[in-house]
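Residue numbers run from 1 in the order of the sequence given. Computed from heavy atoms alone, side chains included, the values below leave out hydrogens, waters and symmetry copies. The structure displayed is predicted, hence computed values, not measured ones.
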Amino acid sequence: MAVERGTPLERVRNIGIMAHIDAGKTTCSERILYYTGKTHKIGEVHDGAAIMDWMPQEQERGITITSAATTTRWKDCEINLIDTPGHVDFTVEVERSLRVLDGVIGLFCAVGGVEPQSETVWRQADKYEVPRIAFINKMDRIGADFFGVVEKIKKILGANAVPIAIPIGEGSDFSGVVNLVTDKAHYYDEKDRGMTVRVEDVPGHMREAAGHWRRNLLEKACEHDDSLMEKYLDGGEIDADELRGVVKKATHDQVICPVLCGSAFKNKGIQMLLDAIVHYLPSPADKPPIIGESVRGSVRRRVPGEGNPLAAIAFKIMADRHVGKLVYVRVYSGRLESGSYVLNSTQNKRQRVGRIMRMHANRQEMVDCLHEGDIGAVIGIGDTVTGDTICCESDPIILEAIEFPAPVLSIAISPRERADRDKIDKALQKLSEEDPTFLVSSDPETGDTLVAGMGELHLDIIIDRMRREFGVEVDTGAPQVAYRETATIVSEVSERFAKQTGGHGQFAQVALRIDPLPPGTGFEFVNAVVGGAVPREYIPAVQKGVTDALAKGAFAGYPVVDVRITLFDGKHHEVDSSEQAFRTCAALAFRKVLMRANPQLLEPMMSVNVSTPDDFAGGITGNLCGKRGRIVGMEPLAGGQMIKAVVPLANMFGYASELRNMSQGRASFTMHFEQYETTPLRIAEEVAEERKKRRKN
């Protein structure tokens, strides 16, 4: 028998914390767990003891790499919390978390303010229309400027940032927080790590500032509620509950972003933040119905409710060495029960749900089912991948999938020990299942296994995980550029192949002509032999010999493209000629005729689009030109420029990190193959020489 929901749906909060790297997300999460009684000891990031940073790589580097989920309670609310990474390389974790969250805390450093990744994650929240509250952290730091950060949130992010709390002092003088809703000062006892909160009247030196900012809060709230405005203009007393109700609705409608402050590391302001989560961020019941499609493409809606059909989305995959594949799901309607059969409507597969768990970072708590609005992990639905919809078989629905950015950097890897080939394949398969921005491919020309990700740190972490979790040591190197060769002038050659082996000899003679073709044409073979100089049965062997030689060009050993080869004459011997003789002769003839046709090396050119603030456009344009790139256009964007260029692929490796450094992380780019173009002679000779060295080795 299924267990009924213990907490009413309107008392559930699915929230996340998002910010730039080093703004204090994980430190804030640790305090939330401590003050809500989920943990009895605060784990510090700098000690490598933070509960939410459970991966060894996170503990060693002091950064969050993967989003971690947990469930806790504050007052009478159940809070499902996801701590997300702040590094741009792991933006996929923010993307998939925001897809399933109902509200989010935007964390800002009181000194750094709105930093580059703050912009990125804020835009991601805009994309999914997730209501936000802002928490300005690190008010104890030298240089902290609460009101300066509020102005930056307004100016840079375009948010209607409205303080509902202001600090009592800043930097070393930071001692507490004024709650503008209740018009009271909150002080946090340092002796018990802020567990004891003293609520007092606003101190005298803060009365004027508190009065000004409370009036600002009331005026901003009145803009969104006529009855409150009428009461305010009439001079009536507005109580805290009435004001909270208006701010709550405005936050849900995303016309106000309430701003709080504190210092997570100094244990100040977190309880007020928890109250704000309860008061202002939406429950699943406050959200509009989730919209999807039927298998036939018609629009379907699901609203939360025990009696409604099941609809859930898989938003994260994790390989656990103890329990196997974990599929993280958010349930939007209905109930997901262990032992039940469900439909993966995205793949049209029937699957059986095994065990169901609530997650606490990397620890699990077994439960019988997940109700509407719940977030948990499922074992047993092994074919499910990120973005798949899980629903009931009787009333299927397909929810909108999660979009992920394309990888921007790739490297070649190979196992250090030949015996580890199977282990490396298994490791790559599991890691790519977990991370949609980590792609694995094989270069058929070089034989390299290529792995692609969001940046150098992303790939470093992947390589480190392969070593630690799968016991595979790999060698890494830059992938080889897929150059091509072609002819530039018409040329002819006659090649004779004769070999005496004791019995029957080997004899063939062919005359070939090479013609350059327009780019992108490929390869053509024409048989123009007349009078039977080359018997018909040997023509396929000649073509095969030419095709063999095409794969390894004569100039630098790269495939040859955009040429026409015409067989126009030849000779044969009644006894000594054979298919193998003509195949060998044709290959030799092709290499000679290509070298006579003024061969050129072609390199892949990439179409590169860079989105950048105006401040960095000049430097980025000059940098692209320095990479032998051509600027083909510039288009204005909101607050910036879109630079369009065509750049050789050989000069684009490592560009993600380079661009990040040039633009303080505020620019981004996309890249795709455009066409092949002639490589400058000096560079072509260097490439050919390097290719010869690799062949010798």
Side-chain angles (χ1 to χ4, degrees), residues 9 12 14 16 67 80 82 91-104 123-131 252-254 282-317 325 327-337 340-353 356 369-378 380-406 432-437 439:
L9 190 61
V12 174
N14 293 315
S67 56
N80 295 313
I82 296 181
T91 189
V92 60
E93 296 290 339
V94 184
E95 186 82 19
R96 58 179 162 199
S97 297
L98 287 171
R99 171 66 173 82
V100 300
L101 293 173
D102 299 321
V104 69
R123 304 304 176 210
Q124 287 174 297
D126 284 341
K127 172 182 174 182
Y128 292 106
E129 299 182 347
V130 182
H252 291 191
D253 294 340
Q254 299 174 67
S283 72
D286 296 321
K287 301 288 286 184
I290 190 74
I291 298 175
E293 293 183 349
S294 70
V295 291
R296 295 180 180 177
S298 59
V299 176
R300 306 298 301 271
R301 289 178 173 83
R302 289 283 192 273
V303 295
E306 285 288 328
N308 292 323
L310 170 67
I313 191 166
F315 68 95
K316 179 180 172 71
I317 306 296
K325 182 177 178 178
V327 180
Y328 284 70
V329 298
R330 157 73 193 264
V331 181
Y332 286 99
S333 68
R335 180 188 293 163
L336 184 64
E337 301 182 43
S340 64
Y341 283 92
V342 295
L343 176 69
N344 181 328
S345 55
T346 308
Q347 301 185 32
N348 194 27
K349 287 185 179 180
R350 188 174 189 248
Q351 298 179 319
R352 185 179 184 275
V353 177
I356 299 177
C369 67
L370 294 175
H371 300 269
E372 74 283 359
D374 284 346
I375 292 174
V378 181
I381 51 176
D383 292 335
T384 299
V385 297
T386 301
D388 283 358
T389 299
I390 304 298
C391 62
C392 60
E393 298 179 86
S394 59
D395 193 355
I397 185 173
I398 301 175
L399 302 178
E400 183 181 355
I402 308 172
E403 293 183 5
F404 297 109
S432 61
E433 275 185 355
E434 285 187 20
D435 188 348
T437 61
L439 301 182

Please find the pair of heavy atoms, one from Gln124 and one from Val94, that lie closest to each other, and give the distance. OE1-CG1, 3.4 Å
Just to verify, what does Asp286 make a salt bridge (charged side-chain N to carboxylate O under 4.0 Å, His left out) with, not counting sequence neighbours? none
CD1 on Ile291 to CG on Leu399, rounded to 0.5 Å: 10.5 Å
Verify, without hydrogens or angle tests, whether Ser432 (side chain) and Leu439 (backbone) share a donor-acceptor contact under 3.5 angstrom. no
Could you check whether any side-chain N or O of Asn308 sits under 3.5 Å from a backbone N or O of Val303, counting only pairs where one atom can act as donor and the other as acceptor? yes
So which heavy atom on Ile397 is nearest to which on Ser345, and how close? O-OG, 2.6 Å
Taking Thr389 for the side chain and Thr346 for the main chain, is one N or O donor matched with an acceptor at less than 3.5 Å? no
Is it the case that over 12 heavy atoms from other parts of the model lie below 6.0 angstrom from the CD atom of Glu393? yes
Is the backbone of Thr384 close enough, under 3.5 Å, to the side chain of Lys325 for a donor and an acceptor to pair up by distance? yes
What are the two closest heavy atoms between Glu400 and Arg99, and how far apart are they? O-NH2, 2.6 Å
Side-chain heavy-atom pair Pro131, Lys287 within 4.5 angstrom cut-off: yes
Does the side chain of Gln347 reach to within under 4.5 Å of the side chain of Val385, using non-hydrogen atoms? yes
Please list, chain by chain and in numerical order, all residues satisfying salt bridge (charged side-chain N to carboxylate O under 4.0 Å, His left out) with Arg300, sequence neighbours excluded. Asp395
Spacing of Leu343 atom CG and Arg350 atom CZ [to the nearest 0.5 Å]: 9.5 Å
Hey, what do you get for CD (Glu337) to CG (Leu370), rounding to the nearest 0.5 Å? 10.0 Å
Return the CZ to CG distance between Arg123 and Leu98, rounded to the nearest 0.5 Å. 13.5 Å
Between Arg330 and Val100 (side chain of the first, backbone of the second, donor and acceptor by atom type, cut-off under 3.5 Å), is there such a pair? yes
On a heavy-atom basis, the closest approach of Phe315 and Arg96 is O-CD, 2.7 Å
In this structure, CD1 of Ile381 is separated from CG of Asn344 (nearest 0.5 Å) by 7.5 Å
Identify the two heavy atoms, one from Ile356 and one from Leu336, that lie closest to each other, and give their separation to 0.1 Å. CD1-O, 3.3 Å
Does a side-chain heavy-atom distance below 4.5 Å link Pro284 with Asn14? yes
Walk me through whether Asp102 and Val130 qualify under side chain to side chain contact (heavy atoms under 4.5 Å, CB included). CA-CA 6 Å; Asp102 299 321; Val130 182; over 6 Å; no
How far apart are the closest heavy atoms of Gly373 and Asn80, and which atoms are they? O-ND2, 4.0 Å
Taking it one step at a time, do His371 and Leu9 satisfy side chain to side chain contact (heavy atoms under 4.5 Å, CB included)? CA-CA 9 Å; His371 300 269; Leu9 190 61; over 6 Å; no
Test: Arg302 and Glu372 ion pair at under 4.0 Å: no
